[in-house]
Amino acid sequence: MPELPEIETICCGLKPHLEGRRILSVNVVERRLRCLVDRRLAERLKGKTILQIGRRAKYILISLSCDMVWMIHLGMSGKLIRVDPRTPKQKHDHIVVSLDSGQELRYHDPRRFGLSLVVAENELHELPQLKHLGLDPFDPGFNGSYLYSFTKQSDRRIRDLLLDQQTVAGIGNIYANEILCRVGVRPTTRSRRLTRTQVGEIARMIPTVLNEAIRWCGTSFSDYRDADDKFGEFQHQLRVYDRDGEKCRLCPSPIKRVAIGNRSAFYCPSCQK
DNA sequence: CGGTGGACCTGCTGGC
DNA sequence: TGCCAGCAGGTCCACC
């Protein structure tokens with residue numbers, strides 16, 4: 001579900017309400033996430049002060065006092081919302097955190113593909129989840145040359161290369177398809193066949209599309225909600241994703257859907273070559 | 001090694 | 001109405 005723009009939106013929404021707050025208590029309802037939630041999660045969070053909310057790729061990083069970090073991934077269906085404690089508990093509310101502001105932070109995830117762990121700050125970037133990540137699309141070093149160093153030596157389809165978090169960190173299936181649509185490249189194109197110019201255009205389009213999606217507060221395709229449980233609006237701006245059979249926004253052709261591996265890809269057969 | 005396909009889960013939708 | 005197949009925004013691992 002949530003890709004970089006959705007995670008960024010959630011972080012921005014949580015920041016003013018969480019930073020500086022102290023964690024009073026933690027209730028872990030369901031431990032079986034992608035990685036089993038550590039039995040000591042509650043005791044490690046309890047009493048800590050939340051210093052800062054940040055993000056790396058699709059991981060939410062909550063810096064705590066005592067040089068600890070709470071790292072959360074929302075998988076496909078996860079939500080991290082701030083609510084009044086009187087809000088009725090929902091099925092799949094797996095972790096409930098009470099704050100000294102009188103509010104609660106709830107981690108909700110029906111498919112349980114998400115992850116939650118607390119680590120020492122100096123061990124954070126050695127975690128297997130973060131260690132091999134590629135550059136963030138907003139990193140100053142992310143440009144055409146960087147991306148070309150990956151595309152020129154890969155025979156994979158460009159959609160899959162953009163989904164690979166070791167290439168560039170934060171893109172998922174929705175934005176991979178939207179980015180390629182904007183530069184007129186089919187998702188099925190083999191990376192190696194792309195010219196340096198095309199790769200430059202893709203590299204420039206990545207932060208452009210992600211920034212646009214952040215301005216629209218993310219894409220609520222089905223599950224995604226922000227930190228206040230509100231919908232994003234970028235789904236209305238999508239040009240190809242989930243629009244198979246509908247008319248292209250720039251020409252009369254219907255959008256096509258193909259399977260790459262076992263995931264859908266979408267493109268306009270006239271605009272994308 | 002790089003690349004692919006399936007597994008992990010629940011919930012929703014569409015076809016019969 | 002009910003059942004079942006297929007599909008879903010992510011990641012990881014086994015296998016070729």
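Hydrogens, waters and symmetry mates are skipped; everything else that's a heavy atom, side chains included, is used. Just so we're on the same page: letters track the sequence lines, and every chain starts at 1.
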From CG of A:Leu36 over to C1' of C:dT11, roughly how many Å is that when rounded to an integer? 17 Å
When all nucleic acid strands are considered with a 4.0 Å heavy-atom cut-off, which category describes A:Thr219: base, sugar-phosphate, or nothing? base
Consider salt bridge (Lys or Arg N to Asp or Glu O under 4.0 Å). Of A:Arg82, A:Arg106, A:Lys79, which one does A:Asp229 pass it with? A:Lys79
Quick one: sort the A:His108 and A:His92 rings into parallel, tilted or perpendicular, breaks at 30° and 60°. perpendicular
For a quick check of understanding: with a heavy-atom distance under 4.0 Å over all strands, which category does A:Tyr241 fall into, base, sugar-phosphate or nothing? sugar-phosphate
Residue-level proximity of residues 259-269 of chain A to DNA chain C when a heavy atom falls under 4.0 Å: A:Arg263, A:Ser264
Rounded to whole Å, how long is the line connecting atom CG of A:Asp164 with atom P of C:dG10? 13 Å
Would A:Phe221 count as stacking on C:dA8 if stacking means ring centres less than 5.5 angstrom apart and planes tilted under 30 degrees? no
Partner of A:Leu64 by side chain to side chain contact (heavy atoms under 4.5 Å, CB included), out of A:Val69, A:Leu51, A:Leu45: A:Leu45
Does A:Ser220 reach the main-chain N or O of A:Gly232 with its side chain, forming a donor-acceptor pair under 3.5 Å? yes
Starting at CD1 of A:Ile158, measure out to CD of A:Gln198 and round the result to the nearest 0.5 Å. 9.5 Å
Whole-Å distance separating the CG atom of A:Leu33 from the C1' atom of C:dT11: 14 Å
Using the P atoms only, state how far B:dC9 lies from C:dC3, rounded to an integer number of Å. 24 Å
On DNA chain C, does the nearest nucleotide to A:Arg111 precede the nearest nucleotide to A:Pro128 from the 5' side, or the other way round? Give the residue. A:Arg111
Please check the phosphate of C:dT11 (OP1 and OP2 only) for any side-chain N or O of A:Gln129 closer than 4.0 Å. no
Do the side chains of A:Ile10 and A:Leu33 join up, straight or via other hydrophobic residues, at under 4.5 Å, putting them in one cluster? yes
Quick one: does A:Asp226's side chain have a donor or acceptor within less than 3.5 Å of a partner on A:Thr9's backbone? no
Nucleotide C:dG10, atom P - distance to CD1 of A:Ile7 in whole Å: 10 Å
So if you build clusters from Ile, Leu, Val, Met, Phe, Trp, Tyr with side-chain heavy-atom gaps below 4.5 Å, do A:Leu163 and A:Ile260 land together? no
Spacing between A:Leu133 atom CG and C:dT11 atom P, to the nearest angstrom: 9 Å
Report the distance from atom CG of A:Leu162 to atom P of C:dT11, rounded to the nearest whole Å. 14 Å
Would you kindly confirm whether A:Phe142 and A:Leu4 end up in one hydrophobic cluster when ILVMFWY residues are joined by side chain heavy atoms under 4.5 Å apart? yes
Between which nucleotides of DNA chain B, read 5' to 3', does contact with chain A run, using atoms under 4.0 Å from its heavy atoms? B:dG3 to B:dG11
Which dot-bracket string describes DNA chain B (Watson-Crick N1-N3 plus N6-O4 or O6-N4, or G-U N1-O2 and O6-N3, all under 3.5 Å; [ ] crossing; | other strand)? .|||||||.|||||||
Which is true for A:Asp155 with a 4.0 Å heavy-atom rule: it touches a base, it touches only sugar-phosphate, or it touches nothing? sugar-phosphate
Nearest 0.5 angstrom please: A:Lys58 NZ to A:Ile171 CD1, how far? 8.5 Å
Once you measure the plane-to-plane angle for A:Phe234 and A:Tyr175, does it fall in the parallel (<30°), tilted (30-60°) or perpendicular (>60°) bin? tilted
Tell me whether the count of non-hydrogen atoms from other residues, nucleotides or ligands lying under 6.0 Å of CZ in A:Arg192 goes above 12. yes
If you measure from the C1' atom in C:dT11 to the same atom in B:dC12, how many Å do you get, rounded? 22 Å
